[in-house]
Amino acid sequence: MKSTTGRQEAISAVINYKPLVNAIDLEGETSRSLYGTNVFNDTVMRQLLSRPIYKAMRRTIERGERMDDSVAEAVASAMKVWALEKGATHFTHVFYPLTSLTAEKHDSFFEPDGLGGTIASFSGSALIQGEPDASSFPSGGIRSTFEARGYTAWDVTSPAYIYENPNGNTLCIPTAFLSWTGEALDHKTPLLRSMQALNLQAQRILKAFGHDDPGMVTATAGPEQEYFLIDRNFFFARPDLLNAGRTLFGAKPPKGQEFEDHYFGAIPERVLAFMMEAEHEFYKQGIPIKTRHNEVAPGQFEIAPVYESANLAHDHQHIIMLTLQRMATKYGMACLLHEKPFAGINGSGKHVNWSLGCNLGNLLDPGDNPHDNAQFLIFCAATIRAVHKYSTLLRTSVASAGNDHRLGANEAPPAIISVFLGEQLEDVFNQLKIGEASSSKPSGTLTIGVDTLPHLPRHAGDRNRTSPFAFTGNRFEFRAVGSNQSIAWPLVVMNCIVAESLDYIATRIETDMSGDPDKLNTAVQNVLQEIACEHSAVVFGGNGYSDEWHAEAEKRGLPNLRNTLDAMPALVTPENIAVLGKYNVLSEREVLSRYDILLEKYCRDINTEGLLALEIAKTKILPAALAYQAQLATLAVNLVGLGKTPNTAMLDKVIELTDSLETGIHALEHALEHEGDDDLLTHALSYRDSVLPAMSQVRIAVDILEGIVSDELWPLPTYQEMLFIK
Ligand code: ADP
Ligand code: MG
């Protein structure tokens, strides 16, 4: 039988896929030698800027000093020359609005010269500030429509770069995006503010430890991005993937991930070619990509760069997400960044590795002597205290409709925020409670419990994958972050709440010491002991997936905010608003606007999914089920005509399922009718409590039908096809 479904066409197209050959032309260069060639980095600046201008620029980058107009003018002029040489015709201020996408508006360098020709121009003011017409970006009411202007402001700490396209290149300038009243409309602004706050408080601790010039303390981040790849033909045959990023229907394939034959397996050739070309792009843009491998689920992969300053890591993360998607297209695939593209198959996260660094090195590195160990323990304890005290804020930073399908689903950490320290460090932390030395190691200069810190392995062997927040030898790894989200918001929260802890600890130590360096030991000892006693509830080394942990966590008073809407009210509690405000990370108005934006996004996401589920069920699944019914019914009638008694068991089953599909469709239609003129949270709750369950009902009928309706009639590419055909 000749099939007419889009699915069959997709399958033939996949079978006929011709691999790209010689896609990268290195022109005799190696990828490595091209590293950073498209970045206006320090080396370029040193070459192109005069000494005083270069120095002024460094002062702005390193110490946040204000930049003179004359300096901006000189930098802009050098940047223009460099960009034109690189073939750029346009420049753009890249910004990161709260849609979590990357936004850009391109302007040509060329202007009419009044003589019938053009002249390339790029002024200091065009570099420093832009004014995109940004009235349709979410602002949560901050920017009323009559004052719809927003402006972009150059972020000097993130270098400009060239974005290549076969038809021309563009100079990209990373920027912050603000309203005219100076309020943040983006992800970058609070990230920069939070890094400043963290530096300020960390300096006080380092000063107490006797470091006079440790340099700026920077939050560092290394995000590990998980993603799925499927053939592009399947992607286009699935309206749900195309428009919602996840499959709303699809029966579990006979062969799932239980065979564990994909994880760290050989990377399929087409995928490897795709990865290599993507990496080639990343190298040119100075993105230090390091790791690539297959992930747990079939069709799932991971990419991770070497860590960088959190701000740069954030900007690079956006480029990584965009490039993966663009490059997948080139190789005939679609890159799925959604947290849960396939039900019953592992979802995707983005582990955000986080630490603090300065000239002294990594401040979360245990160190080799008691003094360093004590300092390490202070930073470690500050983090533990912060995560305990502000666990609800941290939880909201990873809340989204997509991540709700993943967190707590026995493949990703639970929604309960706890800290995994590893056996040895947990033991040390417990010893701190009693404040005693526990081993016979001879005393060094410090006479406190931390004297006897055992040698901590840098790469702890016992990786607890069930913990949302784990110490992994020299950094913390925040594992609850969703694959599709900007890493900025989790980093903002981390930086801000740890700044608060460091502030608290610094004040305690400064008061106890009252200027006498000999009192450092006791001061450190006291505050560590206090934190160990008060915040050990958040430390948990066991299995985070187990039911016992849920019960135990409740006993310990740890919140379990199961989904986005359980979590969101925590964003606007007085404590959480206060901590963001105290360190000038976000004002109350800015927090409230984000609350609205996040809830609106939640509603929009589920509304889209609900409408798509309806459309697919009505226009694709129901017709297929009815067509199969017709085939079976015709057969039955024919058999009766021949004097036979037909077996109508299958026909009965299909009729029954079709009925329940229709009932489901009506219920979903009804659920989607909610008007939403009440408050935003109530409206969002109707999506969670009415629309999502109605979608599940429809899905149950559809997925059973998939298992019995004739394969030739089935309209949607199946999980089996999407996940296993390479
Ligand atoms: P794993 O999958 O074993 O956790 P990966 O090598 O995939 O490890 O990723 C670890 C990530 O942690 C990398 O991006 C790495 O650069 C990052 N990382 C290492 N040290 C730090 C640090 N001090 N601060 C932030 N991130 C770090
Ligand atoms: Mg990893």
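Computation of the quantities below employed the complete heavy-atom set of this structure, encompassing side-chain atoms and omitting hydrogens, waters and symmetry-equivalent molecules. Every number for a ligand or one of its atoms is a count from 1 in the order of the listing.
- When each atom of ligand 1 is checked for a heavy atom of Pro305 under 4.0 Å away, the hits are 13 (C), 14 (O), 16 (O).
- A side-chain hydrogen bond (donor to acceptor under 3.5 Å, both in side chains) with Asn38 is found for one member of Gln285, Glu164, Glu281 and no other, namely Glu164.
- Atoms of ligand 1 found under 4.0 Å from any heavy atom of Val306 (numbered from 1 in listed order, with element): 16 (O).
- With Phe476 as reference, Thr383 is the one residue of Leu356, Thr383, Val498 to meet the side-chain contact (heavy atoms from CB on, under 4.5 Å) rule.
- Taking only nitrogen or oxygen atoms, main chain and side chain alike, Trp354 does not reach within less than 3.5 Å of ligand 1.
- Each of Phe478, Phe540, Tyr390 was compared with Phe469 under the ring pair (Phe, Tyr, Trp, His ring centres under 6.0 Å) criterion, and only Phe478 meets it.
- Using a 4.0 Å cut-off between heavy atoms, Asn362 contacts ligand 1 through its side chain alone, with no backbone atom that close.
- Between atom 27 (C) of ligand 1 and the options Glu308, Arg475, Glu224, the minimum heavy-atom separation is to Arg475.
- For the pair Arg475 and Tyr307, the NZ or CZ position fails the cation-pi test of under 6.0 Å to the six-membered ring centre and within 45 degrees of the ring normal.
- Assignment of Lys290 to the shell around ligand 1 is not supported, since no heavy atom sits closer than 4.0 Å.
- Note on Asp212 versus Lys207: no salt bridge recorded, every NZ/NE/NH1/NH2 to OD/OE distance being 4.0 Å or above.
- Ring geometry, His338 versus His405: the interplanar angle falls from 30° to 60°, so the pair is classed tilted.
- Interface atoms of ligand 1 facing Glu302, defined by a heavy-atom separation under 4.0 Å, are 7 (O).
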